[in-house]
Amino acid sequence: MLDLKFIREHADVVRKAVADKGENADIDRVLGLDEAKRHKQHDFDTLRADQNRVSKGIGLCKKNGQDASNLLASMKKIAGTVRQLGSQLAVLDTELQRLLLTIPNIPRKDVPVGGEADNALVSEWGTPREFDFTPQDHLALCEAHRLVDFARGAKLSGTGFPVYTGNGALLERALVQFMLDTHITRHGYTEIIPPLLVNTAAMTGTGQLPKMADDMYHIASDDLYLIPTSEVPLTNFHSGEILPLDDLPRKYVAFTPNFRREAGSYGKMTKGLLRLHQFNKVEMVRLTEPQDSSQALEEMIEEAAFITRQLGLAYRILRLATGDLSFASHVTYDIEVWSPGAGRWLEVSSLSDFRDFQARRMGIRYRNSEGKVAFVHTLNGSGLATSRIFPAIVETYQRDDGTIEVPEVLRPYMRGLTTL
RNA sequence: GGAGAGGUGGCCGAGCUGGCUUAAGGCGUACGCCUGCUAAGCGUAUGAGGGUCAAAAGCUCUCCGAGGGUUCGAAUCCCUCCCUCUCCGCCA
């Protein structure tokens, strides 16, 4: 959510952001409602002040045994007007709040305007492996080594719910362990194991609601949502709080499964592990002081990139164009690794600075060095999504005899196994 | 699922037979005074958000779990919901 004052004073900037992000939000209507609400608020406050004053007088009269029927009669009228103004004010405010939730965050100045084709290449590391034999894709490899059972997953739940089996499960777990250990010990994050079901307020706080309602699994009987990313519970962890300065920065990391309905994307990349209804991810979240968030994002990019380097996977880093930015994001970098099987780059991490956009929605504030209360900045980034790393590893590390080498950093987590 | 108790300011905690409560009192915190030092003591201050204002001050509105209602007036009465605790039941 943007600051209403900011919208009032920089309407053009906001309009441009809405257009660049391809969102729909009626800024003129917001401005009109804001104006109307402030007028109404003024009328209400003035009358309410009168009411408070006279009510006190009535109390005094009664206490002294004096007659207050004159006052009572006139107050009866005022009370009616106050009630009327109050409900009109509530209507304006509800509508204003609803609209404010539909206005996206402003992209950073260096974010390219445009769609996916306009994403800016920031850096590259390593070179995609060349093969002197015809490499198999991860589907074939997973089947050959019984790493993932897609058919039985479909039997249990439907497509998009893979079952990791045997060494596949071991590899998946090793990836998670390796990533968590690295972020905890090398990067200083605190591990969190959060709930996988969260309420409407939490989903609204990080910005999934109202826009992404159709993409999430919703438990109607309890009005809870399955998390599409652990960003939601991690970032909402401190919602409604005013943190002491000493508590910043906060750095949280969590491993969770994630659930996405992927409504409307049937037929698009549905084979294998690349697009799933349930997938695993290690997620990093930071809360910082406003002046520290840009630097924090750079660090998080490096932390995610470190994992891919350790795994020996060629990657590239992109700065997403406005059309590819999420609703709440100010700036987002994607890390993509090369998939020899798919012959294309796969997004394994998406790292974003939200500035105070989410913090304002969920009310995460802190007391700064001047003792003033201000919104924190929130950031998050995958560190990483195993469902994309997994195929990249089995494809990249395959040998001509069909076996798969285990990357060295994972071996300690796989009972010393060197080959699958 | 059933029965009961409760949710008040950073914390504890009174108020809850509706009106000098603009929420007592305490703890904590900050500043000052006092005192060889420390402790104690004394004094003052100490929530968030909005409106008005160039800004500050000031004035004012809202907030006592959330949302409705009754009333001239609600922390206080009524209704719905959420959460916590205790007991019972059911169950992985």
Check the distance between [N]'s [atom2] and [X]'s [atom1] and give it to me in whole angstrom.
X	N	atom1	atom2	value
A:K77	B:U71	NZ	P	17 Å
A:R83	B:G69	CZ	P	8 Å
A:F44	B:U60	CZ	P	16 Å
A:K40	B:C61	NZ	C1'	16 Å
A:Q51	B:C72	CD	P	10 Å
A:D93	B:C63	CG	P	13 Å
A:D247	B:G10	CG	C1'	13 Å
A:L224	B:C83	CG	P	9 Å

Any strand is fair game: report the nucleotide pairing with [N] by Watson-Crick or G-U wobble, both distances under 3.5 Å, or none.
N	value
B:C87	B:G2
B:G18	none
B:G73	none
B:C42	B:G32
B:C37	none
B:C53	none
B:C27	B:G10
B:C81	B:G65

Within 45° of the six-membered ring axis of A:Y413 and under 6.0 Å from that ring's centre, is NZ or CZ of A:R173 located there?
-> no
Listed in order of residue number, which residues of residues 98-105 of chain A have a non-hydrogen atom at under 4.0 Å from RNA chain B?
-> none
For [N] versus [M], give the span between their [atom1] atoms, rounded off to a whole number of Å.
N	M	atom1	value
B:U8	B:C85	P	14 Å
B:G26	B:C20	C1'	23 Å
B:A14	B:U71	C1'	26 Å
B:G10	B:A45	C1'	15 Å
B:C81	B:A3	P	13 Å
B:U21	B:G9	C1'	14 Å
B:A24	B:G47	P	12 Å
B:G68	B:G25	P	32 Å

Selection [range] - residue pairs positive for ring pair (Phe, Tyr, Trp, His ring centres under 6.0 Å), sequence neighbours left out:
range	answer
residues 215-245 of chain A	A:H218-A:Y225, A:F237-A:Y252, A:H238-A:Y252
residues 22-50 of chain A	none
residues 74-96 of chain A	none

Distance check: side-chain N/O of A:N52 vs OP1/OP2 of B:G73, anything under 4.0 Å?
-> no
Does OP1 or OP2 of B:C83 have a side-chain N or O of A:N199 closer than 4.0 Å?
-> no
Please determine if A:D43 and A:K40 form a salt bridge, counting it only when a charged side-chain N lies under 4.0 Å from a carboxylate O.
-> no
Please figure out whether A:R53 or A:I242 has its closest RNA chain B nucleotide nearer the 5' end.
-> A:I242
If a protein heavy atom is under 4.0 Å from the base, mark B; if only from the sugar-phosphate, S; if neither, -; do that for nucleotides 49-59 of chain B going 5' to 3'.
-> SBSS-------
Review item, nucleotides 19-24 of chain B N/O atoms under 3.5 Å of protein N/O:
from	atom 1	to	atom 2	distance (Å)
B:G19	N2	A:S55	O	3.0

Taking side chain to side chain contact (heavy atoms under 4.5 Å, CB included) as the test, write out the residues that go with A:A90, two or more places apart.
-> none
Go through the structure and list residues passing side chain to side chain contact (heavy atoms under 4.5 Å, CB included) with A:P290, not counting sequence neighbours.
-> A:Y366, A:H377
Residue pairs involving residues 229-252 of chain A (criterion salt bridge (Lys or Arg N to Asp or Glu O under 4.0 Å); sequence neighbours excluded) | none
With sequence neighbours left out, which residue pairs that include part of residues 284-294 of chain A fulfil the salt bridge (Lys or Arg N to Asp or Glu O under 4.0 Å) condition?
-> A:R286-A:E299, A:R286-A:E303
Aromatic ring pairing A:H187/A:Y189, orientation class (parallel under 30°, perpendicular over 60°, tilted between) = perpendicular
Are any of the side-chain heavy atoms of A:S350 and A:T332 separated by less than 4.5 Å?
-> yes
Check: A:T190 and A:V253 side chains under 4.5 Å, non-hydrogen atoms | no
Could I get the full list of side chain to side chain donor-acceptor pair (under 3.5 Å) partners for A:K16, not counting sequence neighbours?
-> A:D20
Partners of A:Q41 by side chain to side chain donor-acceptor pair (under 3.5 Å), sequence neighbours excluded?
-> A:D45
Scan A:R367 against the nucleic acid and name what it touches under 4.0 Å (heavy atoms): base, sugar-phosphate only, or nothing.
-> sugar-phosphate
